[in-house]
2 protein chains.
Amino acid sequence: MTEPDMPTPPWERARRRPAPARVPLTRERIVDAAFAVLDREGLDGLSMRRVAAELDVAVSALYAHVDNKDELLELMYRRFFDGLHLPEPDPERWQDQLKEYARQSRVRLLSHRDMARISMGQMPFSPELLPHVEKLLALLRAGGLPDRVTAIAGDLLSTYIDGFVAEESIWQSRYQGADTKSWTEIRDDIRDYFASLPPDRFPNMLAIANLMVDESNDYRFELGLDILVRGLASYAEPTPPPTGLDTRPPTGPDTGPAAGES
Amino acid sequence: MTEPDMPTPPWERARRRPAPARVPLTRERIVDAAFAVLDREGLDGLSMRRVAAELDVAVSALYAHVDNKDELLELMYRRFFDGLHLPEPDPERWQDQLKEYARQSRVRLLSHRDMARISMGQMPFSPELLPHVEKLLALLRAGGLPDRVTAIAGDLLSTYIDGFVAEESIWQSRYQGADTKSWTEIRDDIRDYFASLPPDRFPNMLAIANLMVDESNDYRFELGLDILVRGLASYAEPTPPPTGLDTRPPTGPDTGPAAGES
DNA sequence: TGCATTGGTGAACGCTGTTCTACGACACGC
DNA sequence: GCGTGTCGTAGAACAGCGTTCACCAATGCA
């Protein structure tokens with residue numbers, strides 16, 4: 001209809017007010033855009049400029065709503081827990097509930113690219129996360145874990161989950177970036193690498209090489225999780241009757257408290 | 001003596017040759033300088049330009065010896081294991097040996113600022129690390145762990161060590177950067193924060209708040225380590241007679257292998 | 001003595017997080 | 001209705017980053 005090259009007349013320019021169409025910039029919209037950029041470009045590609053571009057906005061506009069890039073990451077981390085639900089602690093099933101929580105966390109982490117790396121750099125003590133931490137602690141204490149074990153179990157579990165997912169994501173993205181090779185080819189390469197080791201010097205590596213390569217991430221996650229939960233369960237006190245079997249520690253409690261660092 | 005603004009005459013410029021004093025640039029010297037910068041400025045301050053400045057050398061000179069910053073980090077990671085010694089695996093004491101290895105690793109990681117963060121981003125499969133991995137695997141298998149547990153135990157352990165040290169370093173540096181407050185003051189702040197939570201909504205947090213704050217890092221590390229080792233030990237098969245007590249798993253082996261992801 | 005090769009130099013490119021100044025549209029009081 | 005003031009955005013700028021490129025000087029070899 002209108003010629004594209006024609007200059008816009010002054011009245012047209014005066015009437016040009018997409019003001020109602022211009023949605024105001026908020027923290028929520030910024031976080032939304034940041035997640036869009038994250039999923040598309042990964043954490044290394046997540047820059048303030050790209051987030052601003054995603055919103056069709058100048059970079060400096062972001063800084064009116066967000067102090068820092070660090071604060072933006074923190075906001076993303078908090079948003080990430082929206083809708084997370086932990087069940088009411090059931091002392092009979094605390095181990096299953098704990099595992100279910102871990103599995104759920106892993107799935108959530110995997111749903112956003114590089115989210116595990118973001119999670120690793122954050123401390124889970126923001127106001128909206130505290131209720132979840134509280135429920136996790138309730139779960140552990142309901143299982144009969146001594147308080148000093150409970151105090152470290154949360155750290156232990158989230159370190160495991162974040163670390164595992166971060167590692168599996170790195171493997172995943174490192175070899176789908178250079179998309180010439182498929183996953184099975186990569187696996188064969190790794191297998192070949194292990195197989196090329198001198199057998200006399202690396203007998204144990206060779207013995208488990210296939211297991212390290214073949215097992216699915218799901219299985220490895222589940223096994224590591226079970227190891228962790230068994231270790232925790234070995235500290236459970238029989239105050240509430242445990243799973244039905246003996247959960248006393250297999251070895252003597254010789255844990256030296258060691259010296260304080262300060 | 002000489003006027004500072006005078007241009008240097010050509011012969012003076014021609015005689016300028018500190019050549020004999022100039023030691024040649026090598027990868028080793030670059031890694032040395034990188035460690036110096038790391039310890040002084042931390043990982044965030046470790047830039048190629050600063051490493052070059054440490055060596056009184058142009059930035060581009062580094063790239064003749066090192067492909068990448070990533071490669072430099074990898075070289076640092078490898079250098080980091082120089083002189084590491086793992087004992088010959090003793091099936092009788094495999095749990096103690098494993099713990100000793102973990103303690104030693106933590107001390108090493110703490111000896112260079114932010115080294116844990118570097119370690120987290122690396123894969124332990126460089127040629128000079130393989131012998132150590134091999135010995136670790138030998139240790140675990142000597143303890144009677146099934147191969148599928150051994151295959152994941154190394155990951156589990158190093159994830160724990162790296163994660164723990166990274167976290168403790170962050171706490172350490174975050175509050176010694178703003179050096180106005182001492183550690184005890186920080187601790188009081190945290191204690192106050194926990195104490196300010198509504199007791200009806202956060203009974204479990206309050207119950208263990210003191211433990212989370214008061215326990216030394218050494219003790220928390222040791223406890224987490226013990227939890228891990230107990231979990232591993234619960235999988236040990238009695239082929240070599242274990243520590244003297246029953247090490248059978250406390251709960252039934254209901255670990256679902258789950259579905260492979262590809 | 002001349003030449004080629006090696007290895008460092010300095011400038012440049014494109015990117016980053018962050019800050020500062022200025023402008024333009026809105027809401028309000030007269 | 002009109003000036004005025006405030007708020008939020010735009011755009012340029014700064015310092016620093018990893019990396020690359022064309023040049024240049026000093027070395028060893030013929």
Visitor: Could you tell me the separation between the CG atom of A/Leu43 and the C1' atom of C/dT16, rounded to a whole number of Å?
Guide: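 Computing the A/Leu43:CG to C/dT16:C1' distance gives 14 Å.
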
Visitor: Charged N to carboxylate O under 4.0 angstrom, A/Arg79 versus A/Glu128?
Guide: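 No, no charged N to carboxylate O under 4.0 Å.
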
Visitor: Between the side chains of B/Asp214 and B/Arg191, is the shortest nitrogen-to-carboxylate-oxygen separation below 4.0 Å, so that they form an ion pair?
Guide: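 A salt bridge links B/Arg191 with B/Asp214.
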
Visitor: Need one value for A/Ala61: base, sugar-phosphate or nothing, where a base atom within 4.0 Å counts as base even if backbone is also close, heavy atoms only.
Guide: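 Touches sugar-phosphate only.
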
Visitor: Salt bridge check, B/Arg27 against B/Glu71: does any charged N sit closer than 4.0 Å to a carboxylate O?
Guide: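 Between B/Arg27 and B/Glu71 there is a salt bridge, with a charged N closer than 4.0 Å to a carboxylate O.
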
Visitor: Where do N or O atoms of nucleotides 5-8 of chain D meet protein N or O atoms at under 3.5 Å, pair by pair?
Guide:
none

Visitor: Set out, line by line, the N/O atom pairs under 3.5 Å between protein and nucleotides 18-21 of chain D.
Guide:
residue: D/dG18; atom: OP1; partner: B/Met48; partner atom: N; Å: 3.4
residue: D/dG18; atom: OP1; partner: B/Lys69; partner atom: NZ; Å: 3.0
residue: D/dG18; atom: OP2; partner: B/Met48; partner atom: N; Å: 2.9
residue: D/dG18; atom: N7; partner: B/Arg49; partner atom: NH1; Å: 2.4
residue: D/dG18; atom: O6; partner: B/Arg49; partner atom: NH2; Å: 2.9
residue: D/dT19; atom: OP1; partner: B/Asn68; partner atom: OD1; Å: 2.6
residue: D/dT19; atom: OP2; partner: B/Tyr63; partner atom: OH; Å: 3.0
residue: D/dT19; atom: OP2; partner: B/Lys69; partner atom: N; Å: 2.9

Visitor: Over how many whole Å does the gap from B/Asp44 atom CG to D/dC17 atom C1' extend?
Guide: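 These atoms are roughly 12 Å apart.
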
Visitor: Restricting to non-hydrogen atoms, name the atom on B/Leu206 and the atom on B/Leu197 that form the minimum distance, rounded to 0.1 Å.
Guide: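 That closest heavy-atom pairing would be CD1-O, 4.1 Å.
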
Visitor: Do the charged groups of B/Asp114 and B/Arg117 touch, with an N to O distance under 4.0 Å?
Guide: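 Here B/Asp114 pairs with B/Arg117 in a salt bridge, since their nearest N and O are under 4.0 Å apart.
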
Visitor: Less than 4.0 angstrom from a charged side-chain N to a carboxylate O is my criterion; do A/Arg78 and A/Glu74 meet it?
Guide: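 Result for this pair is yes, salt bridge flagged.
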
Visitor: Write down the distance between CZ (B/Arg27) and C1' (C/dG7), rounded to a whole number of angstrom.
Guide: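 For the pair B/Arg27 CZ and C/dG7 C1', the rounded distance is 15 Å.
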
Visitor: Do NZ/NE/NH1/NH2 and the carboxylate oxygens of A/Glu41 and A/Arg113 come within less than 4.0 Å?
Guide: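 Looking at A/Glu41 and A/Arg113, the cut-off is not met.
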
Visitor: Between B/Tyr160 and B/Phe221, does the ring centroid distance fall short of 6.0 Å?
Guide: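 Aromatic pair counts; centres sit under 6.0 Å.
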
